[in-house]
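Report on one structure; see the data block that follows.
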Amino acid sequence: MRVVNRTAISITGAQPYLDWTNQHDADVDKGVLTVTRAKPYGSAFLLPEFELEEDVREWVEENAVWLFEFQLSVWTDDESIWPATRDVMTFREWFRIDLLSVVVDIGDDEIEGEEL
């Protein structure tokens with residue numbers, strides 16, 4: 001177990017996102033009620049270690065469009081059904097962002113990942 005030198009944010013769907021997901025089937029479960037459809041769907045992002053919360057907020061604002069589109073793409077790759085407006089203000093309305101200042105890696109194995 002180790003504390004990791006990262007700041008984390010979690011992004012969870014707020015009501016507008018939940019309403020949108022209820023109107024559009026996810027790519028992985030077309031027409032099926034799953035746990036994903038029954039609760040808010042979220043993601044965690046490991047950021048560089050920031051000292052100040054305002055720096056995290058600035059990073060989120062600078063990357064809001066990418067974060068918005070990432071959350072939409074997790075649900076479906078069909079961009080034709082994505083909302084047309086995907087700016088910072090709409091992102092804030094559609095998602096809840098929580099800051100996590102301490103990140104602990106409990107796993108014994110190496111972290112694996114893929115480039116986006």
Applying side chain to side chain contact (heavy atoms under 4.5 Å, CB included), name anything that partners A8, two or more places apart in sequence or on another chain.
L46, L100, V103
Hits for side chain to side chain contact (heavy atoms under 4.5 Å, CB included) against Q15, two or more places apart or cross-chain, chain-then-number order -> L18, D19
Using the side-chain hydrogen bond (donor to acceptor under 3.5 Å, both in side chains) criterion, which residues pair with R6? Sequence neighbours excluded.
none
Measuring from N63:CG to F91:CZ, what's the distance to the nearest 0.5 Å?
9.5 Å
Please work out which of the three classes, parallel, tilted or perpendicular, describes the rings of Y17 and F95, given edges at 30° and 60°.
tilted
Who else is in V3's hydrophobic cluster (ILVMFWY, side-chain heavy atoms under 4.5 Å, direct or via others)?
M1, V102, V104, I106
Which pairs, with at least one residue in residues 8-17 and sequence neighbours excluded, count as a salt bridge (charged side-chain N to carboxylate O under 4.0 Å, His left out)?
none
Residues F45, I97; criterion side-chain contact (heavy atoms from CB on, under 4.5 Å); working and verdict:
CA-CA 11 Å; F45 296 87; I97 300 138; over 6 Å; no
Cluster check L99, W66: I/L/V/M/F/W/Y, side chain < 4.5 angstrom
yes
Could you state whether F70 and V65 fall into the same hydrophobic cluster, counting links through intermediate Ile, Leu, Val, Met, Phe, Trp or Tyr residues with side-chain heavy atoms under 4.5 angstrom apart?
no
If you define the side chain from C-beta out and look only at heavy atoms, does anything of W59 sit under 4.5 Å from L67?
yes
Between atom OG1 of T12 and atom CD of Q71, what is the distance when rounded to the nearest 0.5 Å?
8.0 Å
What verdict does the side-chain contact (heavy atoms from CB on, under 4.5 Å) test give for D87 and F68, after you've listed the backbone C-alpha separation in whole Å, the side-chain angles of each residue and the deciding distance to 0.1 Å?
CA-CA 8 Å; D87 57 15; F68 200 158; 5.8 Å; no
Just verifying a value: how many Å separate W82 CH2 and L72 CG, rounded to the nearest 0.5 Å?
5.5 Å
What residues, two or more places apart in sequence or in another chain, satisfy salt bridge (Lys or Arg N to Asp or Glu O under 4.0 Å) together with D105?
R2
Partners passing side chain to side chain contact (heavy atoms under 4.5 Å, CB included) against P16 (at least two apart in sequence or in another chain)
A14, W94
For D98, enumerate each residue passing the salt bridge (Lys or Arg N to Asp or Glu O under 4.0 Å) test, keeping only those at least two apart in sequence or located in another chain.
R96
Which pairs pass side chain to side chain donor-acceptor pair (under 3.5 Å) with one or both residues in residues 46-56, sequence neighbours excluded?
E53-R57
Listed by chain and number, what are the salt bridge (Lys or Arg N to Asp or Glu O under 4.0 Å) partners of E93, not counting sequence neighbours?
none
Among all residues two or more places apart in sequence or in another chain, which pass the side-chain hydrogen bond (donor to acceptor under 3.5 Å, both in side chains) test with T85?
none
Within the distance-only criterion (no hydrogens, no angle test), does the side chain of W20 pair as donor or acceptor with the backbone N or O of I81 below 3.5 angstrom?
yes
Any residue meeting side-chain hydrogen bond (donor to acceptor under 3.5 Å, both in side chains) with E61, in chain and number order, not counting sequence neighbours:
R92
